There are 2 protein chains.
Amino acid sequence: MSITRILVADPLEVLAVGLSSWLADAPELNVIGHAATGQAVLERLAKEPVDLILMEVSLPEQDGIDTMREVHRRHPKVKVLAYSSLTDIEYVNSMLIEGASGYLVKDASQAEVITAIRTVMCDKPYLSPAARESTLRGYDYTEKRMDGEYIGLTEREREIIRLVALERTNDEIAKALFISVDTVKTHRKHLMTKLNVRSLAGLVRYARDRNWI
Amino acid sequence: MSITRILVADPLEVLAVGLSSWLADAPELNVIGHAATGQAVLERLAKEPVDLILMEVSLPEQDGIDTMREVHRRHPKVKVLAYSSLTDIEYVNSMLIEGASGYLVKDASQAEVITAIRTVMCDKPYLSPAARESTLRGYDYTEKRMDGEYIGLTEREREIIRLVALERTNDEIAKALFISVDTVKTHRKHLMTKLNVRSLAGLVRYARDRNWI
DNA sequence: CCCACAATACCCACTAGAGGGTATTTTTCG
DNA sequence: CGAAAAATACCCTCTAGTGGGTATTGTGGG
């Protein structure tokens, strides 16, 4: 049996240490490093072989979803197992659509972590119960995006949602970006439709979860 | 030198494992257990001696701030070192006012963790740089709560802020709680004043950070 | 070359929220 | 018991946000 080289992509180094300690019980699973940001993940991949990445969704700077997309594009053979406390369908679907082999919820036990990694390394998908339940339940407020009908946010929309979540009014955002208030409103409408939320509150939660604020 | 018995209060067991691994390098510091909820912390304290608790602010069910208050009331001799990724002044001040001996930011290195624990065990306060900076900068939108003028939220206010953050409208909240819309508005006003925020967005972030939603 | 999409901007109408009060009753706590 | 705090509810005004359109321009991909 060959050794699986694992990179832990998580803001906290101490978490990688914990995983490393847990995986010491699985001789073929080897934590070879820790990357705190999406950028660090890509740099690491460029200069060292990696078999599997345990990837947090809420990475700082470039988050896990964006990093997932880049990793999949540049290194299609590297497996990625999403690893996060978030279980909302938005994040589970996003990661899977961007190429993740599975979604492991962060409060998993040592046994589940090992099982999940082994499952994924056998080319089988792995979803923690909470993540699976989330995908079965579907979206909350609309029927627009069943299953995989995934719509990413544009750069401009990300700028807007960040400012919205930081308590800026439409007027302030318009002035800051040198655009009309109406344009800001249009972006907000698109955001709310895409993210299946009813109000500002949903936008704020999304931005917070993805660690954009 | 006597042994320091440390309880790690954090939703993730794997984090406690990581800390335990790090503290293996400090012979007198000993992780004796892990508690995932505030309730579990109190149960543990009731039946086993503990010298220091590393406490996450965002514990599920009963969060770190509330647990801090209870621990301090029931076991005033147990030291608590707050341990969280959150650096906003609201959380730092809340924990310190409720009796924490320090505030350690979660991306701290192994060396800083050990230093922080040793500092606190010598009866000296410890604040990570980011936490100290936050307290020096002060509050964002008003001057109402300088320094320690800390105002806790009432039970009713917590119910309201949760529902608000879950995208419920004032009208829906009123119906759910069998009270008038005006009352809901009054609670919202109080919340916004207490938490120094300008809009719904600030309330949502607060509720999310404290793991109430 | 065309199509799709992103970003821009405007229309209209309506609702919800923010911000300022005051006031009553009940509960809690010293 | 008496004071303070909490929960309740109303007044008024104004702004901000939601929800439905339509439309133009530029850009990138097939």
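What you see is a predicted model; the values in this text were computed from it and never measured. Every chain is numbered from 1, with letters handed out A, B, ... down the list of sequences.
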Are OP1 or OP2 of D:dA6 and a side-chain N or O of B:His190 less than 4.0 angstrom apart? no
Inter- and intrachain pairs under side chain to side chain donor-acceptor pair (under 3.5 Å), touching residues 30-47 of chain B, at least two apart: B:Arg44-B:Glu48
Does D:dC10 have OP1 or OP2 sitting under 4.0 Å from an N or O in the side chain of B:Ser180? yes
Go nucleotide by nucleotide along DNA chain D from the 5' end; which of B:Lys189 and B:Glu155 gets its closest nucleotide reached first? B:Glu155
How many Å lie between CZ on B:Arg158 and P on D:dA6, as a whole number? 12 Å
OP1 or OP2 of D:dA5 versus the side-chain N and O atoms of B:Thr154: is any pair under 4.0 Å? no
Residue A:Met192, side-chain atoms from C-beta onward, closest of D:dG17, C:dA18, D:dT18: D:dT18
Phosphate OP1/OP2 of D:dT8 contacted by B:Arg156 side-chain N/O (<4.0 Å): yes
Rounded to the nearest angstrom, tell me the gap between atom CG in B:Leu191 and atom C1' in C:dG17. 14 Å
Do A:Tyr103 and A:Asn93 have side chains that get closer than 4.5 Å, going by heavy atoms? no
Side-chain contact check for A:Asp182: nearest option of C:dA9, D:dT8, C:dG17 is C:dA9
Ignoring backbone atoms, test whether A:Thr186 places a side-chain nitrogen or oxygen under 4.0 Å from the OP1 or OP2 oxygen of C:dA9. no
Measuring to OP1 and OP2 of D:dG17, would you say a side-chain N or O of A:Asn170 lies under 4.0 angstrom away? yes
May I have the distance from B:Leu200 (atom CG) to C:dA16 (atom P), rounded to whole angstrom? 13 Å
When the ring planes of A:Tyr206 and A:Trp212 are compared, do they come out parallel, tilted or perpendicular, using 30° and 60° as the limits? perpendicular
Taking atom types as modelled and ignoring hydrogens, do the side chains of A:Asp182 and A:Ser180 form a donor-acceptor contact shorter than 3.5 angstrom? yes
From C-beta outward on A:His187, which listed nucleotide comes closest to its side chain: D:dG17, C:dA9, C:dA7? C:dA7
Would you tell me if any nitrogen or oxygen in the side chain of A:Arg198 comes within less than 4.0 Å of OP1 or OP2 on D:dT18? no
Taken in chain and number order and not counting sequence neighbours, the residues that satisfy side chain to side chain contact (heavy atoms under 4.5 Å, CB included) with B:Val120 are B:Leu52, B:Lys79, B:Leu81, B:Ser101, B:Tyr126
Could you state the atom-to-atom distance from CZ of B:Arg188 to P of D:dT15 in whole Å? 19 Å
Rounded to whole Å, the CD1-C1' distance (B:Ile160 to D:dA7) equals 10 Å
Which angle, rounded to 10°, do you find between the first-five-pair axis and the last-five-pair axis of the helix from C:dC1-D:dG30 to C:dG30-D:dC1? 70°
Could you give the CZ-to-P distance, from B:Arg73 to C:dC29, as a whole number of Å? 11 Å
Write down the distance between CG (A:Leu153) and P (C:dA7), rounded to a whole number of angstrom. 10 Å
State plainly whether the residues B:Glu159 and B:Arg162 are in salt-bridge range, i.e. N to O under 4.0 Å. no
Any carboxylate oxygen within less than 4.0 angstrom of a Lys/Arg side-chain nitrogen, looking at B:Lys175 and B:Asp171? yes
Between P on C:dA6 and CG on A:Leu177, what's the gap in Å once rounded to a whole number? 18 Å
Which heavy atom in A:Thr119 sits nearest to a heavy atom in A:Pro125, and how many Å separate them? CG2-O, 3.6 Å
